[in-house]
Protein chains: 2
Amino acid sequence: MKKVKKMKRYDELLVEFKKILKENRLKYTIQREVILKVLFDSKKHTTPEEIYDLVKVRFPKLKTGIATVYRTLNLLEANNVINSITFGAMGKKYELDNKPHHDHLICDECGKIIEFEDEEIEIRQCEIAKKYNFKIKSHIMQLHGICEECEKGGERVDI
Amino acid sequence: MKKVKKMKRYDELLVEFKKILKENRLKYTIQREVILKVLFDSKKHTTPEEIYDLVKVRFPKLKTGIATVYRTLNLLEANNVINSITFGAMGKKYELDNKPHHDHLICDECGKIIEFEDEEIEIRQCEIAKKYNFKIKSHIMQLHGICEECEKGGERVDI
DNA sequence: TTTTATGCAAAGACTTTGCAGGAGA
DNA sequence: TCTCCTGCAAAGTCTTTGCATAAAA
């Protein structure tokens with residue numbers, strides 16, 4: 001039941017990604033790799049628009065279109081290389097599926113996201129699922145509220 | 001800490017809604033009530049489009065525009081009369097905030113939503129929040145997977 | 001050579017907004 | 001009367017799609 005996920009290095013991730021491409025008869029392109037790289041380096045949850053901008057800044061010679069970003073994100077998500085998370089009005093954000101399972105504390109004031117893991121909750125979730133004969137594949141848990149800094153009147157932080 | 005919410009009758013809900021309108025110097029209109037009524041009667045999570053259609057079917061004489069539906073939903077949500085929940089690609093859905101706090105099991109196959117309550121998880125969430133000095137205002141927990149019927153190869157159900 | 005990707009621009013889906021007329025307080 | 005609402009249509013977002021060209025296999 002318990003699946004421990006080890007943080008992958010970038011080269012491992014790339015090998016895995018190329019394998020997925022091959023299995024689906026898709027082609028390796030520099031745009032696809034660059035988007036993966038940007039996601040790998042991003043330590044936060046990132047919107048398609050932000051990814052597009054990062055690609056333009058870091059690889060200015062490569063003319064990458066926003067459509068390719070969307071297409072690649074959909075591809076990566078469909079193959080479980082990345083996850084998406086949707087906040088109220090803030091839209092969809094992506095992160096690499098490259099760390100142990102975790103959930104999120106989200107500050108509704110500054111938008112900051114704090115990640116945490118809690119085995120006890122995971123266990124309880126399995127029990128609940130069992131009660132309903134439901135087979136859990138994934139879950140989303142977001143605790144919304146006000147973070148310590150905002151409570152004290154801190155500054156605005158980027159997510 | 002523990003706030004037990006009793007299921008309200010429609011007349012109680014309406015009184016509360018009128019109070020909110022008054023407090024915000026907003027006007028009572030038949031469109032606003034009708035949208036609230038449709039939400040009250042709907043036992044499922046409902047999209048703006050569905051609410052719009054229901055209003056047209058149930059109150060055909062009233063020419064209600066989709067813009068009013070959106071405006072009213074935003075108003076109701078801002079005043080915590082309704083909650084919204086966002087599923088992956090299925091868009092935003094609303095439900096009356098009129099039952100004890102609960103979370104959702106969501107079948108990725110047929111889209112069915114099963115609601116459940118679990119005090120143990122709520123307690124654990126408070127502990128986690130305390131650890132991060134985070135003040136929780138609300139939370140979202142969705143367990144995604146396959147429901148019993150779909151696992152057995154059941155039929156498609158509307159949410 | 002064959003197939004799939006890409007960028008661009010156009011189209012789509014969903015939601016919000018501006019406005020003039022209409023309804024509530 | 002004065003203010004807020006409404007429907008309509010137009011404008012905004014965000015995302016996807018069609019197409020001709022370009023790049024990978």
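Proteins get letters first, then strands, A, B, ... in listed order; numbering begins at 1 in each.
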Smallest heavy-atom separation, B:Ile136 atom then B:Gln125 atom, equals CD1-O, 3.7 Å
Contact pattern, 5' to 3', of nucleotides 12-18 of chain D - B, S or - by protein heavy atom under 4.0 Å: --SSBBB
Hey, is the main chain of A:Lys18 close enough, under 3.5 Å, to the side chain of A:Arg32 for a donor-acceptor pair? no
Partners meeting side-chain contact (heavy atoms from CB on, under 4.5 Å) with B:Glu16 (sequence neighbours left out): B:Lys8, B:Ile20, B:Val81
Quick check on contacts: within residues 53-65 of chain A, what sits under 4.0 Å from DNA chain C by heavy-atom distance? A:Lys63, A:Thr64, A:Gly65
Got a salt bridge between B:Lys130 and B:Glu127, using NZ or NE/NH1/NH2 to carboxylate O under 4.0 Å? no
Numerically ordered, the residues 15-37 of chain B set in heavy-atom contact under 4.0 Å with DNA chain C is B:Lys27, B:Tyr28
Residues passing the side-chain contact (heavy atoms from CB on, under 4.5 Å) test with B:Ile66, sequence neighbours excluded, are B:Glu49, B:Tyr52, B:Tyr70
Let me confirm one number: the OH-CG distance from A:Tyr132 to B:Leu143, rounded to the nearest 0.5 Å. 10.5 Å
Checking A:Glu95 against A:His45: is there a side-chain donor and acceptor pair closer than 3.5 Å? yes
Under a 3.5 Å threshold, yes or no: a donor from one side chain and an acceptor from the other, between A:Glu33 and A:Tyr28? yes
Return the set of residues passing side-chain contact (heavy atoms from CB on, under 4.5 Å) with A:Glu23 (not counting sequence neighbours), or none when no residue passes. A:Lys19
Tell me if the NZ atom of A:Lys135 is crowded by more than 12 foreign heavy atoms within 6.0 Å. no
Rounded to whole angstrom units, what separation is found between the CG atom of B:Leu73 and the P atom of C:dT16? 9 Å
